[in-house]
Amino acid sequence: MNKENIFDVLNERGYIAQTTNEEAIRERLSRPGLTFYIGFDPTADSLHVGHFVTMMVMAHMQRAGHRPIALLGGGTGMIGDPSGRSDLRQVLSPQVIQHNVDRFREQMKILIDFDDDRALMVNNADWLIGLNYIEFIREIGSQFSVNRMLAAECYKQRYEKGLTFLEFNYMLLQAYDFLELYRNFNCEMQLGGDDQWSNILAGIDLIRRKESKEVHGMTFNLLTTSEGSKMGKTAKGAVWLDPEKTAPFDFYQYWRNVHDADVITCLKLLTFVPMPEIREYGQAQGAELNVAKARLAYEVTKIVHGEEQAEICKKQAEALFSGPGRSDSMPTTTLRKSDLDSGVLVLDVLELAKLIPSRAEGRRLIKQGGIYVNDVAVSDMRQTLSANDFDHDEMILRKGKKVFHRVLLSDE
RNA sequence: GGGAGAAUACCCAAGUGGCCAAAGGGGGCAGACUGUAAAUCUGUUGUCAGUGACUUCGGUGGUUCGAAUCCGCUUUCUCCCA
């Protein structure tokens with residue numbers, strides 16, 4: 001019996017949204033050695049969970065014997081993709097973009113094996129920055145029909161609100177990227193989020209015209225909740241893969257708290273848990289789903305932060321939600337012992353720990369009984385911390401039901 | 001290039017001289033109920049200080065005892081005409 005076609009694997013796990021010629025893709029994927037690429041826009045200094053799905057696809061493909069190219073948009077990042085966006089994207093400086101590109105490279109290594117050219121990482125700034133405008137519009141621009149571009153769904157929204165020429169060029173540049181990668185690395189396929197469909201088709205078209213060669217495209221579903229909103233967003237912003245930006249414990253908790261309706265989808269997209277096991281979780285009803293959620297949180301955390309961290313998070317979560325617990329991967333704030341003598345308001349600590357955006361917010365929380373010191377609700381605005389609140393120089397500060405923060409005491 | 005209109009808090013959106021820190025909705029946060037879920041209900045949602053002060057309605061300069069609201073200039077955006 002042959003090994004399962006990677007296309008079917010991806011399809012079964014629910015990654016695939018749209019494809020060009022499906023038969024051709026299945027056929028090509030059945031033979032290893034396909035080079036494909038996915039673009040990343042370096043608009044932040046860390047990847048977030050939205051990128052994570054993309055990285056999972058790359059990982060699956062790589063394990064099936066294909067070669068991924070992670071294309072970092074150092075060049076296109078200076079323009080900003082208008083697809084599906086309702087407003088003009090902020091233009092970033094070259095320095096910031098370069099910094100972000102470097103950070104991305106580090107983070108991608110957690111899932112993608114870059115050794116011995118098993119995967120490549122390229123930056124389109126390398127070929128876009130030096131482009132000659134006249135040559136470019138003569139060679140590439142001549143291949144595009146403005147009528148068709150305007151008809152594309154992704155531009156429609158912007159067409160009504162206004163679209164600058166700068167952004168309008170994005171599609172050409174992305175198409176050019178594909179051509180460039182095809183020529184230099186024999187890259188035959190581009191993958192991307194479903195919002196990239198138009199841009200991907202543009203590249204395929206361009207290669208057909210310039211090289212008379214059929215290449216492939218495939219998009220996968222964006223990670224959304226069952227209610228249709230984008231996943232990975234919290235009130236504080238995105239859920240980042242960088243432990244400095246999103247503490248592992250918070251990361252774990254994010255997945256532990258996904259809605260019932262989203263658990264199975266997430267298990268399929270964000271973990272390597274085998275399908276038979278996932279199907280079993282799918283049978284679970286009601287509270288039983290908590291088992292699946294715990295598994296999801298553990299597996300995702302393990303991939304991103306390593307097994308050790310995942311274990312720690314898991315133990316701590318279990319401890320915290322069934323009695324007092326301790327946590328090494330919780331966000332932490334350190335106080336000096338000497339500070340206690342002069343009286344430290346709980347309010348002060350909340351502010352220090354950045355659990356509240358303002359002191360007024362802290363007052364509100366205390367008034368409503370939403371702040372707890374070691375599981376005891378704080379009732380008085382003026383409550384201070386004393387040495388008694390600390391056990392082995394550590395105490396747990398809690399906001400609401402699920403936001404935990406560790407406060408340490410130091411001798412200094 | 002000519003003309004018309006708009007800019008309000010996280011988002012949408014009321015407010016056209018004092019009763020406006022600014023309606024309503026969404027979102028957020030907290031409480032109750034739960035399964036660390038959803039739905040529902042309640043409270044809350046500028047800042048600093050405890051019953052008051054300060055900053056805010058694109059920017060700026062005026063008028064006025066008093067401005068988000070009136071006037072001048074300016075910036076940005078949208079629409080119509082070229």
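Below, chain A is the first sequence line, B the second, and so on; all start at residue 1.
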Nearest-angstrom distance from the residue atom [atom1] of [X] to [atom2] of [N]:
X: A:Asp375; N: B:U36; atom1: CG; atom2: C1'; result: 13 Å
X: A:Arg256; N: B:A37; atom1: CZ; atom2: C1'; result: 9 Å
X: A:Lys315; N: B:U36; atom1: NZ; atom2: C1'; result: 19 Å
X: A:Gln285; N: B:G35; atom1: CD; atom2: C1'; result: 13 Å
X: A:Asn257; N: B:A38; atom1: CG; atom2: P; result: 8 Å
X: A:Asp260; N: B:U36; atom1: CG; atom2: P; result: 12 Å
X: A:Arg364; N: B:U44; atom1: CZ; atom2: P; result: 11 Å
X: A:Glu361; N: B:G46; atom1: CD; atom2: P; result: 10 Å

Closest to the [X] side chain, choosing from [options]:
X: A:Asn290; options: B:U36, B:G31, B:U47; result: B:U36
X: A:Lys401; options: B:U34, B:G35, B:U47; result: B:U34
X: A:Ser358; options: B:A37, B:C29, B:U47; result: B:U47
X: A:Ala287; options: B:C48, B:G35, B:U45; result: B:G35

Taking only N and O in the side chain of [X], is any of them less than 4.0 Å away from OP1 or OP2 of [N]?
X: A:His259; N: B:A38; result: yes
X: A:Lys367; N: B:G31; result: no
X: A:Tyr254; N: B:A37; result: no

Distance, [atom1] atom - from [M] to [N], rounded to whole angstrom:
N: B:A67; M: B:C57; atom1: C1'; answer: 11 Å
N: B:A13; M: B:A30; atom1: P; answer: 28 Å
N: B:A39; M: B:U56; atom1: C1'; answer: 37 Å
N: B:A82; M: B:C73; atom1: P; answer: 28 Å
N: B:U76; M: B:G27; atom1: P; answer: 35 Å
N: B:G52; M: B:C19; atom1: P; answer: 15 Å
N: B:G72; M: B:U78; atom1: C1'; answer: 24 Å
N: B:U74; M: B:A53; atom1: C1'; answer: 33 Å

Write down the partner of [N] under the Watson-Crick or G-U wobble criteria, each distance required to be under 3.5 Å.
N: B:U44; value: B:G28
N: B:G1; value: B:C81
N: B:A6; value: B:U76
N: B:A38; value: none
N: B:A49; value: none

Sugar-phosphate only, base, or nothing, as touched by A:Tyr252 at under 4.0 Å among non-hydrogen atoms: nothing
Closest-nucleotide 5' rank along RNA chain B - winner of A:Gln253 and A:Lys399: A:Lys399
A:Ile371 or A:Gly286, whichever maps to the more 5' nucleotide of RNA chain B: A:Ile371
A:Asp194-A:Thr219 side chain donor-acceptor pair, cut-off 3.5 Å: yes
Distance-only side-chain donor-acceptor flag, A:Asp250 / A:Gln253, under 3.5 Å: no
Which protein N or O atoms sit under 3.5 Å from an N or O of nucleotides 49-52 of chain B?
residue	atom	partner	partner atom	Å
B:A49	OP1	A:Arg359	NE	3.0
B:A49	OP2	A:Arg363	NH2	2.9
B:G50	N2	A:Arg363	NH1	2.5

Results of side-chain contact (heavy atoms from CB on, under 4.5 Å) for A:Thr19 - residues two or more places apart only: A:Phe7, A:Ile16, A:Glu22, A:Ile25, A:Met218
Sidechain N-carboxylate O distance under 4.0 Å for [X], [Y]:
X: A:Glu211; Y: A:Arg208; answer: no
X: A:Lys302; Y: A:Glu308; answer: no
X: A:Arg103; Y: A:Asp45; answer: no
X: A:Arg148; Y: A:Asp205; answer: yes

Criterion salt bridge (charged side-chain N to carboxylate O under 4.0 Å, His left out) on A:Arg279 and A:Glu12, from CA distance to verdict: CA-CA 11 Å; A:Arg279 273 193 284 270; A:Glu12 184 177 27; 2.8 Å; yes
Ring-ring centroid check A:His305 A:Tyr252, cutoff 6.0 Å: no
Base B:G43 paired with A:Gln368 side chain (donor-acceptor, <3.5 Å): yes
Whether A:Phe40 and A:His51 hold their rings parallel, tilted or perpendicular, with breakpoints at 30° and 60°: tilted
